[in-house]
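Taking it in order: structure first as structure tokens, then the write-up.
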Amino acid sequence: MRIAKERDLYEKLQILSDAAKYDVACTSSGVDRRGSGQGMGNCAASGICHSFSADGRCISLLKILFTNECVFDCRYCVNRSSNDTPRASFTPEEVCTLTMEFYRRNYIEGLFLSSGILVSPSYTMELLYQTLYKLRREYRFEGYIHVKAIPGAPAELIERAGFLADRMSVNLELPTAEGLRRLAPHKSRKRILAPMRQIQLGHARNRQELSLYRSAPRFVPAGQSTQMIIGATPERDYQILSVAEALYRNFQLKRVFYSAFVKVNEDALLPALPGGPPLLREHRLYQADWLLRFYGFSAGELLNEKHPNFNVFLDPKCDWALSHLEQFPVEVNTADYYTLLRVPGIGPKSARRIVQARRLGSLDFPSLRKAGVVMKRAMYFITCRGRQLAPLKIEEDFILERLLCRSSRKSGEPVSYRQLSLFDAGQLLGPPPAELDQTGVTGGDGYGSF
Amino acid sequence: MVLFECQGNVDGILTGIYDAWASRLGHGNVGLRIPETGTMELFAEYRSVAPDPEKAEKVARTIRRRMGERAWQTLYQAALSSRRDRADRIYRVLVLALAPGIGADMAGRILDRLQDPDVAAVFEMSRNVGNEAHRYLGFVRFQELSGGILFSRIRPENQILPLLGDHFSNRFPRENFVIFDTGRRDALLHRAGGPWAVFEKAEMEELQPGRFSAGEEAFRKLWKGFCQSISISERENPRLQKQLWPLKYRKWMTEGEDFLSNHRTSSP
């Protein structure tokens, strides 16, 4: 249904942010760019969170749809054409004004612009492009822009938008082609993967250009991401994680986002989900996603056909460690970087600090804590100078019991869920820190001079 | 024991380090204290140190030359901490790093030696200050005054204003803005097209926000509405929100008014 009456800006923002909220990506990371001094804005590679909404998700970008009119009728989507919901569209000027004025007050880190399909994919992509062009060239906005590439839009239009945006994304929507056929009859896997491939190739080509000419215009410098809905279709975690792994490998995606299915439409083909959105499952997938990107794990190590779903009670890394106890305990004073990374309670940062610190003297348990190691998990899996923190058995039941009773004692409430979308700026499993010199350090009472 | 009493700002601490070092009393016989820190010690001689930018600059230059830029950044951030023992801890780390026989490549790496309690303390302070400054990159909220000046008030635990200057002046090169630390009464000022500077103990009269600009209220309302409508009610989780966005920050933020208690309030 169309509403003919003219809406004011407040109403439009309400409708078009409400319609955009199911899109999970709100990260502003992946690109470091100083302001030119002529316009307004810059970008920080770490990403910056500006606020947190009542659902605990980070607000970093002004996340809006250009319009929530849509010619498609995807069953899971709140904006499907057969839904009777208030509809609205921004003008490019309105989007620019909101972005500039919000940014000036430091409310936001930039703009996330998506859209329903108005008239056709090409027509919609053209509108998005016009908006970005105005924002970048007329308003001289130099902050972060994340824009959707609309599948089915002409490649040339996507390319032009990519030179204005920092990040582009094409939503995979559902993990498998079969699910997509069932729930999104107007979309096909092939049409979704085409622009994804185009952005990947464009990005690679651009990097070559940049290595030749430093001042060449930059194409999607923060890379591309995608998202899939979890729990609307019957896939197992193993399938989902394998899809994510393939996307990282074959499409060089920066991020894959997982979105617990929220049932907004009544439709016979959608699952009932009496317990609400599968938040814990989504959380486990994010934890595993981190293991793929920063810890050198592969999907096949974490799950397999026999164990296709994650353990509800344990995080994937602890779960993996418990089923590979033959590899533990690890001596922190000698184990290499990658072995340290596999210990529950040790992450890339603390592993790096351990490797650096032990060159200057052997480590004891208190200094591990200082280095950021989470001892309540790590204690079962490490030794320090050949000793364990307490008399502990390297035995599955023993450790499991303790890990579980610790976590349940800490919070009697349901397991808290965390949207891990904040810090995705890091490198994919970088090289271990360079070996340091074995120079001894004397703590002598000597004087240098200033 | 001779205790050098220095002021708590970076210049004061670095001058204290200079004087303690130059006294040649032996590193084991001197200590640095920041006067606001309460109990005096018996059997110690106190010497008051007046901040001297020239001495401070010498110490800073030496640290940079001998230990490198990265180490300087760590020590500088530690000096901005609000912890009482910061001056003495930094001094102890410098004693380790600048000892004779420590090569240039080794001096900077002293900061990796977390086994040492002083290094660990400096590392901890520096990380704490860096984290707080990073949070404020997002949590600073400007309001537009009628003259077009952007004005912000914050209340950080550490002296983070110097760590915000580069970021915001690069981000808003053509704006006049003020960030006021209401606890210390320090102000970060930036003039359009110009450099930024931090003024300590700034006069409140000049900074008192007068009338807001005509458009200000409308954008406040738009933003507050956005922060409500962007949340998915099926996923509501005030505990998580509080963990990531502690209440102490909210008081100074535009949308924070709507989230001062844990209960959700409806949009205006």
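Naming convention: chains lettered A, B, ... in sequence-line order (proteins, then strands); numbering from 1 in each chain.
Heavy atoms closer than 4.5 Å to chain B are found in both the backbone and the side chain of Leu9(A). With a threshold of 4.5 angstrom between heavy atoms, Ile230(B) approaches chain A through its backbone and through its side chain. For Tyr249(B), no part sits under 4.5 Å from any heavy atom of chain A, backbone or side chain.
Ion pairing of Lys370(A) with Glu124(B) is absent here, as no side-chain N (NZ or NE/NH1/NH2) approaches a carboxylate O to less than 4.0 Å.
No other option in Phe177(B), Phe139(B), Phe123(B), Phe142(B) has as many heavy-atom pairs under 4.5 Å with chain A as Phe142(B). Among Arg135(B), Arg127(B), Arg174(B), Arg61(B), the residue making the largest number of heavy-atom pairs under 4.5 Å with chain A is Arg174(B). Across Gln143(B), Arg141(B), Lys55(B), Arg171(B), the residue that shares the most heavy-atom pairs under 4.5 angstrom with chain A is Arg171(B). Contacts with chain A were tallied for Glu216(B), Met253(B), Arg220(B); Glu216(B) has the most, counting heavy-atom pairs under 4.5 Å.
Proximity of Leu244(B) to Cys58(A): side-chain heavy atoms (C-beta onward) are nowhere separated by under 4.5 Å. Residues Phe52(A) and Leu240(B) have side chains not in contact (no heavy-atom distance under 4.5 Å, counting atoms from C-beta outward). Residues Arg353(A) and Leu114(B) have side chains in contact (heavy-atom distance under 4.5 Å, counting atoms from C-beta outward). With a 4.5 Å cut-off on side-chain heavy atoms, Glu234(B) and Asp55(A) do not count as touching. Using a 4.5 Å heavy-atom threshold, the side chains of Phe219(B) and Thr97(A) count as touching.
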Handout entry: side chain to side chain contact (heavy atoms under 4.5 Å, CB included) between His167(B) and Asn42(A), worked out
Key = CA-CA 8 Å; His167(B) 175 84; Asn42(A) 57 18; 4.0 Å; yes
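Not counting sequence neighbours, His50(A) has no partner by the ring pair (Phe, Tyr, Trp, His ring centres under 6.0 Å) test. For Lys21(A), the side-chain hydrogen bond (donor to acceptor under 3.5 Å, both in side chains) test picks out Asp18(A), with sequence neighbours left out.
Counted within 6.0 Å of CZ on Arg385(A), heavy atoms from surrounding residues, nucleotides or ligands total more than 12; the atom is thus considered enclosed.
Arg104(A) approaches Gly148(B) most closely through the heavy-atom pair NH2-O, 3.6 Å. Nearest heavy-atom pair across His134(B) and Ser46(A) is CE1-OG, 3.3 Å.
Using the six-membered ring where Trp is involved, Tyr107(A) and Trp223(B) have ring planes that are parallel, under 30° apart on the 30 and 60° scheme.
Geometrically, Lys221(B) engages Tyr10(A) in a cation-pi contact, judged by NZ or CZ lying under 6.0 Å from the ring centre and within 45° of the ring axis.
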